[in-house]
Amino acid sequence: MRLVVGVVRAAHVEATAAVTAVVTVLAAASGRTPGACALLGAAVLCGQLSVGWSNDVVDAARDTAAGRKDKPLAAGTASPGTVAAAAATALAACVVLSLAAGRLAGAAHLTGVAAAWAYNLGVKRTAASWAPYALAFGLLPAFVTLGLPGQPWPPAWAMTAGALLGVGAHFTNVLPDIDADLAAGVRGLPQRLGRRRTRVLAPLPLLAASAVLVLARRGRWAGRAGRRWW
């Protein structure tokens with residue numbers, strides 16, 4: 001049981017559940033059938049699990065050196081081999097489930113998952129650390145709409161809002177660990193900006209995403225595809 005709890009905690013449960021829920025709700029709002037909503041939710045769940053587990057495996061040595069007892073691998077409640085196997089299994093399931101939703105839709109989702117893995121594997125140490133978040137979140141609406149009849153792309157506002165939410169999530173997620181990251185040589189964009197400037201800037205992408213959604217709801221930036229979502 002201790003091992004199971006450790007593996008589950010290494011999956012970044014809160015973020016995984018939140019992203020899965022958002023995509024499932026978007027699928028329902030787009031008129032997808034319950035079965036299709038479940039398929040999309042399962043694909044996103046597996047993708048998020050693979051990202052969360054791979055993140056902890058990649059960071060295991062750094063977290064251990066930093067004494068991160070909140071991290072299962074550093075605390076010894078889960079082994080790197082077990083979590084790596086779980087990440088590989090989840091990724092394989094994500095590929096199958098994503099493509100089952102349609103080739104274009106699946107390609108959009110898998111591109112986002114690949115961006116998240118790229119972040120884990122090294123992009124987070126560069127000034128472009130925000131880009132995988134923007135790409136992955138921005139493509140989530142496309143995963144929903146490209147499986148609809150006619151395979152339409154989502155409206156621009158939906159992808160823009162998603163990308164902005166992703167950048168905001170990146171800044172907010174990194175903020176508590178900036179000092180430890182800098183000590184470990186991680187120099188993504190928030191780390192380069194520093195704690196004070198990151199704290200000031202973190203809410204701005206989230207506010208911008210909210211503004212985009214408000215404008216879209218008022219019909220100022222929706223278009224025909226966008227109006228179907230409201």
Are [X] and [Y] grouped together when hydrophobic residues (ILVMFWY) are joined by side-chain heavy atoms under 4.5 angstrom apart?
{"X": "L104", "Y": "W153", "answer": "yes"}
{"X": "F137", "Y": "V113", "answer": "no"}
{"X": "L189", "Y": "L204", "answer": "yes"}
{"X": "V19", "Y": "F143", "answer": "yes"}
{"X": "L207", "Y": "L215", "answer": "no"}

**Item:** Working for side chain to side chain contact (heavy atoms under 4.5 Å, CB included), residues V186 and R62
**Value:** CA-CA 10 Å; V186 177; R62 181 168 65 89; 4.0 Å; yes

Does a side-chain heavy-atom distance below 4.5 Å link [X] with [Y]?
{"X": "L110", "Y": "L99", "value": "yes"}
{"X": "T77", "Y": "V5", "value": "no"}
{"X": "V7", "Y": "P72", "value": "no"}
{"X": "L164", "Y": "L206", "value": "no"}
{"X": "L26", "Y": "L140", "value": "no"}
{"X": "V174", "Y": "D181", "value": "yes"}

Between [X] and [Y], which heavy-atom pair has the shortest distance, and what is it?
{"X": "V123", "Y": "P132", "result": "CG1-CG, 3.6 Å"}
{"X": "A78", "Y": "L73", "result": "O-CD2, 3.1 Å"}
{"X": "G112", "Y": "L139", "result": "N-CD1, 4.0 Å"}
{"X": "G41", "Y": "T20", "result": "O-CG2, 3.4 Å"}
{"X": "P203", "Y": "V200", "result": "CD-O, 3.2 Å"}
{"X": "A27", "Y": "L40", "result": "CB-CD2, 4.0 Å"}

May I ask you to decide if [Y]'s main-chain N or O and [X]'s side chain share a donor-acceptor pair within less than 3.5 Å?
{"X": "T145", "Y": "P152", "answer": "yes"}
{"X": "S54", "Y": "A87", "answer": "no"}
{"X": "S129", "Y": "R125", "answer": "no"}
{"X": "R192", "Y": "R187", "answer": "yes"}
{"X": "T16", "Y": "A11", "answer": "yes"}
{"X": "S98", "Y": "A43", "answer": "no"}
{"X": "R195", "Y": "L175", "answer": "yes"}

**The single option from K124, R68, K71 passing salt bridge (charged side-chain N to carboxylate O under 4.0 Å, His left out) against D59** =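 Exactly one pass, corresponding to K124.
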
**Asked** Once the angle between the rings of Y119 and Y133 is folded into 0 to 90°, is it parallel (under 30°), tilted (30 to 60°) or perpendicular (over 60°)?
**Response**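 Aromatic pair Y119/Y133 classed perpendicular.
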
**Asked** Hey, are R9 and D70 close enough for a salt bridge, meaning a charged N less than 4.0 Å from a carboxylate O?
**Response**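 No.
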
**Request:** Apply the test side chain to side chain contact (heavy atoms under 4.5 Å, CB included) to residues L193 and L201: give CA-CA distance (whole Å), side-chain angles for both, the deciding distance (0.1 Å), then the verdict.
**Result:** CA-CA 10 Å; L193 292 172; L201 292 174; 3.7 Å; yes

**Request:** Would you give the length of the straight line joining atom OG1 of T64 to atom NZ of K69, rounded to the nearest 0.5 angstrom?
**Result:** 8.0 Å

**Request:** Hey, could you give me the SG/CG distance between C46 and L97, rounded to the nearest 0.5 Å?
**Result:**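 That separation rounds to 5.0 Å.
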
**Exceeds 12 heavy-atom contacts within 6.0 angstrom, atom CZ of R103** =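 At most 12 heavy atoms, drawn from other residues, nucleotides or ligands, come within 6.0 Å of this atom.
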
